[in-house]
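Protein chains get the first letters and strands the later ones, always in sequence-line order, with residue 1 at the start of each.
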Amino acid sequence: MSFGNTPVAPFIQALVIPLHSGDIYASFQFRTLWDTDFMRENKVSHYRLFPKSLGQVISKFSVRELHISFTQGYWRTMQWGQPFIPSPPGAELWVWFQDSVTDVDATWKELTNVLSGIFCASLNFIDSTNTVQPSASFKPLGLGNVTDHSFLRYATLPREIVCTENLTPWKKLLPCGSKAGLAVLLKSEKLFHSSFHSQAVHIRSVCQDWQCKTTSWELRQTLNSVFDLHNSGQTKREWSLFKMFSRTLTEACPLASSSKLYIDITDNPQGEQFELSPATSLLSQAVVLGDRRTFSVYDLTQETTFGTVRSLNLLIRWKSNEGEMLRPLLHAERYVAGYGLQTGEIHTLMYNNHPYRSFPVLLLDSVPWYLRLYIHTLSVTSKGKDNKPSYIHYEPSKDRVKPHLLEMLIQLPPNSVTEVTVQFERALLKWTEYPPDPNHGFYVGSSVISSLVPSTVAMHTNSTRERPLFSSFFPCKEESSYFVRIYTEPLLVNLPTPDFSMPYNVICLTCTVVAVGYGSLYNLLTRSFQIEEPNPGLAKRIANVIRRMRGVPPL
Amino acid sequence: MAAPLTLLLIVAVTIRAALFRSSLAELIAERVEVVSPITAWKRVVEGLALLDLGVSPYSGDVFHETPLIIYMFHFLVDYAEITFMTFVFGALCVCICFFFIYLSLMPFQFRKQKFALEADRYPMDSLELIRSPKEMYYVPLKVAMFYLLNPFTILSCVAKSTCGLNNAVLALFFLSTIKGNVLLSAIFLCLATYQSIYPITLCAPAMLYFMQRQYIPVNFHRVSFWWFIVQYLFMYLGSLFVLICLSFFLLGSWDYLPSVYGFILSVPDLTPNIGLFWYFFAEMFEHFRLFFLCVFQINVFFYTIPLSIKLKEHPVFLIFMQLAVISIFKSYPTVGDVALYLAFLPVWSHLHRFLRNIFLVSCVLLACSALFPVLWHLWIYAGSANSNFYYAITLLFNVAQILLVSDYFYAFLRREHHLTNGLYLKRKDGSEATLILK
């Protein structure tokens, strides 16, 4: 039985950006579209290129949007610039549910367990103690205008580690798997040698045409890696596909409608900074992250790209060390201040590097319940003066039930540093609530800073126009600014610990003290004073016993 | 009498004012021995800040005070220091009034005892055990000194712990009980219970005192006995009901019940303090948690009936014993609670000859008070000790308090025994007797 779905072939692109510090930023994006509307049809079974596991997840749990990312390492904005798809260290999951869901919390719990199985990750640790409902920071990236935030759930697991077991199921979701096309490069032994590795899955519904008469589901799988010059033990500043991935490209994925490799040559117009080989005549320009950038394009669907050796091994060789990196306009840091295990202070610093424009940022902080925040100590200062946020949404935590949620809209003045500080108190937990290595500390998830940053170049607001994948991830509503989301460092906080070897001893000793109280009061309440009779000697006592048996009065 | 009292008040005000202005005030306000999650001033300010943000203070787990306290401090938050000093002095003045009144009762008791003596009820040699008004003249001043100059009270006042408020209400309850005003006594006791549940056990001594004063015999078969109990309980429960409904209307929801009373009874917060609960429940097996929670909470309440039966002729001493039991065994004790019953000790100064362990107990109490901050610092800041050190001192402190209380109880019972049986007891063969409990 055919449902009349027209499968849309996937779009595959990779982007390689040589970074100023000599590192290489490689970003892969795979997009699969799926035309189906299971709102009208009850049973869906025609998936074709869309992975069946994810299709079943969407239909069973009535998901409107799903974004999940696994990241190893922290993105250094000041050295590497802004990432195309930002992600916090560890695992992050945020989901918008459809309006038809009646019990969102139960659905969320089931969804996390199912995703935990699909991605071989311990997402089952997501429960009510680390899930929040942000009220303004995570608007849907796909279609649909929603105002009811009770259908949104956001959770992070900062302690989650990414490894080969997470990469393999992620690769299985691709239409060609890892057998053909750009996915051939994704081998785990080299990928996990990088400074930063992030893989993500984003599912949302998008318009198919300009009038938006029909919608389709879009599945985007992204993988970002930064290869470090020093980490890989290189002496020369030279990168090639073989050095990065220990593979070269031989063919495009036959199922792909488009498969392209972009190299960013904006800083290298005449080839004075680095040399690119094999040379290519295809050039493309795109407006990305508020800047117009030029790319050399290698079209893998063309036979000529692979040359006579039938393989493409891109080589980038640096010639000179000069050149300034464009400073990112928005940048943030976070750290814990204070000493001792009783109290502390969380400091978040946000830098606005624009010389004359100020813009608002939305700061989302989700702090676990065992760090008790005192909101009356919250202070926001810019350039030494008090900067009152125009919108504060605070949900205090409930012990062992839900975490703190703090969302603020702060206006950052131009060329300044804004510091947000809040004091907290560390709780003593029950001995069973500590993780196996309690003195390692507890992780606090990254803060999320979302903002519309003013752009120097006019952004394109038409979302259906043909343009590179990496510039169309975040929807653009106006021309003069672009959306940026940055994540701060996660925090590692120590809590006071009880002695884990002593539960029985503690119970005994405390009950002894209570018994001392009980015993002395019991004695005084039930006994009365009497004159003490001296104890007769042993001989007399035996004699008395014998006399009693004889019936004679005792001595 | 007035002059030394005024001097004492001036000294106490000076010490507190000096400490309020110094940098020590912030340090003291964070000490876990002085403030607990229920009484901390920081949490009151946090609750007020949440109210200003439009969030209910009880939606989180930081604020555990009653709604009346929020509204009182909503108006008084700028005058916090003066408020707390007033409470301390209020408590103190009330204690003094109580003792002036007790003093005025003394001639009554003295006459009664003298009459009993002449009627040969008391043996002749117990004469020296009877207290004369002259001896009791300086007792109010001593009580004032014990309360005002007690370092525990000073620390509690400087930290702006709401324990001072609770102590003031309890002192007002004593005053109205001693004065014989049944309605006021019920109202103040209800206020104290409304803030922390444990003073409910003070109903029994209050009722016994009133019955003694109104010459109602404590006999289960008498109608007048039950009628008085019904009257008192009606007033008490009625005012409690009014207070609870008033709190509901103040904030518009019943959220405060689990946050205040549920918190006191179920002890979810394991912040270290000078009590026995925190480490015990930090190391408890989950399976037994509810059982031991019930045991520990019942432990506070169940001494009421046996103590009331034993001490039905001496309700004032019964109040002292009940207060001590509450301060030692409550779920979040602080030094302010300890200071309240320590202030009573000069009243029983005539029992000194019968106390057995007083030297040991006072040495242990002093040593523990000195060691608390040291071991806390070693655990939390230096990292060279662990929680067991602080826990050990907690245990010692509580054992010392228990010994102190049971020692005074022993001395009291022994004096009563000597009053009826004579002071110098002889055995059958004429040698000096030793008295034991059997």
Side-chain angles (χ1 to χ4, degrees), chain A residues 339-343 369 372-378 392-402 404 423 425-432 496-500 502-507 509-514 516-534, chain B residues 30 32 42 45-46 48-50 53 55 59-62 268-272 276 278-286 292 295-296 299 303 306-307 309-310 325 328-329 379-381 383 386-388 391 395 398-399 402-403 405-406 409-410 413-414 417 421 425 427 433-438:
Chain A
Y339 61 95
L341 294 175
Q342 192 178 1
T343 52
W369 65 266
R372 301 200 168 101
L373 290 185
Y374 284 96
I375 206 69
H376 70 273
T377 56
L378 176 71
I392 298 185
H393 172 74
Y394 178 62
E395 270 176 41
S397 69
K398 264 206 133 14
D399 275 8
R400 303 179 178 90
V401 171
K402 63 178 177 125
H404 297 276
Q423 283 181 17
E425 204 177 72
R426 302 172 206 227
L428 185 73
L429 306 178
K430 299 183 203 172
W431 70 304
T432 47
T497 56
D499 188 347
F500 298 98
M502 294 241 315
Y504 186 67
N505 302 7
V506 166
I507 296 175
L509 287 169
T510 313
C511 288
T512 306
V513 171
V514 174
V516 162
Y518 175 79
S520 18
L521 285 179
Y522 175 82
N523 266 342
L524 291 164
L525 286 168
T526 51
R527 296 180 188 202
S528 56
F529 285 100
Q530 286 173 26
I531 294 181
E532 182 191 12
E533 293 303 322
Chain B
E30 288 207 335
V32 287
K42 198 170 180 192
V45 177
E46 177 71 10
L48 291 174
L50 283 175
L53 268 180
V55 177
S59 57
D61 248 340
V62 159
D269 187 339
L270 298 172
T271 312
L276 296 166
W278 63 281
Y279 207 52
F280 188 71
F281 288 105
E283 299 269 16
M284 174 53 62
F285 301 101
E286 270 312 304
F292 278 104
V295 166
F296 270 54
N299 187 46
Y303 288 113
L307 279 174
I309 294 173
K310 185 84 178 183
V325 162
I328 300 170
F329 293 116
W379 173 27
I380 298 288
Y381 295 102
N386 66 4
S387 50
N388 292 332
Y391 166 65
L395 285 182
N398 282 302
V399 164
I402 291 172
L403 277 180
V405 167
S406 59
F409 193 23
Y410 170 87
L413 290 177
R414 182 144 172 190
H417 184 262
N421 295 17
L425 298 168
R427 260 189 258 153
T434 41
L435 217 52
I436 51 161
L437 275 175
K438 242 203 186 149

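- You'll find the side chain of P396(A) reaches within 4.5 Å of the side chain of V55(B), heavy atoms only.
- Ranked by heavy-atom pairs under 4.5 Å with chain B, the first of I375(A), T343(A), V516(A) is I375(A).
- Note that CG of L428(A) is 6.5 Å distant from CH2 of W278(B), once rounded to the nearest 0.5 Å.
- Put simply, of V401(A), L378(A), T432(A), V514(A), the one with the most heavy-atom pairs under 4.5 Å next to chain B is V514(A).
- Across A49(B) and H376(A), no two heavy atoms sit closer than the pair CB-CB, 3.5 Å.
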Walk me through whether F285(B) and W431(A) qualify under ring-ring contact (aromatic ring centres under 6.0 Å, His included). CA-CA 9 Å; F285(B) 301 101; W431(A) 70 304; 5.7 Å; yes
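- In this structure, D499(A) and Y279(B) have side chains that are in contact, with non-hydrogen atoms separated by less than 4.5 Å.
- Between V32(B) and Q342(A) the shortest side-chain heavy-atom distance falls below 4.5 Å.
- Chosen from L276(B), V325(B), N388(B), V295(B), the residue pairing most often with chain A at heavy-atom distances under 4.5 Å is N388(B).
- Between R372(A) and D269(B) there is a salt bridge, since a side-chain N of the basic residue sits under 4.0 Å from a carboxylate O of the acidic one.
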Are F409(B) and L525(A) close enough, and set up right, to give a side chain to side chain contact (heavy atoms under 4.5 Å, CB included), and what steps lead you there? CA-CA 9 Å; F409(B) 193 23; L525(A) 286 168; 3.9 Å; yes
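- Here the side chains of T510(A) and Y391(B) are in contact, with some heavy-atom distance below 4.5 Å.
- When side chains are defined from C-beta on, L270(B) does not count as touching L429(A), because their heavy atoms never get closer than 4.5 Å.
- Counting only distance, with no hydrogens or angles, the side chain of D61(B) and the backbone of D399(A) share a donor-acceptor pair below 3.5 Å.
- The greatest number of non-hydrogen atom pairs below 4.5 Å with chain A, out of E46(B), K310(B), R414(B), is found for E46(B).
- Residue I380(B) touches chain A through both its backbone and its side chain, counting heavy-atom pairs closer than 4.5 Å.
- For chain A, the option among P272(B), S59(B), P306(B), G383(B) with the highest count of heavy-atom pairs below 4.5 Å is S59(B).
- Of the residues considered (I328(B), N386(B), N398(B), L395(B)), L395(B) shows the highest number of contacts with chain A, using heavy-atom pairs under 4.5 Å.
- Taking CG of N505(A) as the start and CD of E283(B) as the end, the distance is 9.0 Å to the nearest 0.5 Å.
- Taking Y394(A), Y522(A), Y504(A), Y518(A) one by one and counting their heavy-atom pairs under 4.5 Å with chain B, the maximum is reached by Y518(A).
- Both the backbone and the side chain of L307(B) come within contact range of chain A, judged by heavy atoms closer than 4.5 Å.
- The neighbour count for F500(A) CZ, taken as heavy atoms of other residues, nucleotides or ligands under 6.0 Å away, is above 12.
- With a 4.5 angstrom heavy-atom cutoff, Y303(B) touches chain A only via side-chain atoms.
- Interatomic distance, H417(B) NE2 to I531(A) CD1, rounded to the nearest 0.5 Å: 7.0 Å.
- A salt bridge links K430(A) and E286(B); the closest N-O separation between the charged side-chain nitrogens and carboxylate oxygens is under 4.0 Å.
- For R400(A), the part lying under 4.5 angstrom from a heavy atom of chain B is the side chain only.
- Residue L53(B) touches chain A through its side chain alone, counting heavy-atom pairs closer than 4.5 Å.
- Atom-to-atom distance recorded for L50(B):CG and E395(A):CD is 12.0 Å, nearest 0.5 angstrom.
- Ring centroids of Y410(B) and F529(A) are separated by less than 6.0 Å, placing the two rings close together.
- Contact check for Q423(A) versus K42(B): side-chain heavy atoms found under the 4.5 Å cut-off.
- Between G340(A) and Y381(B) the shortest heavy-atom distance is CA-CD2, 3.4 Å.
- Counting heavy-atom pairs closer than 4.5 Å to chain B, the top residue among P498(A), G517(A), S520(A), P496(A) is P498(A).
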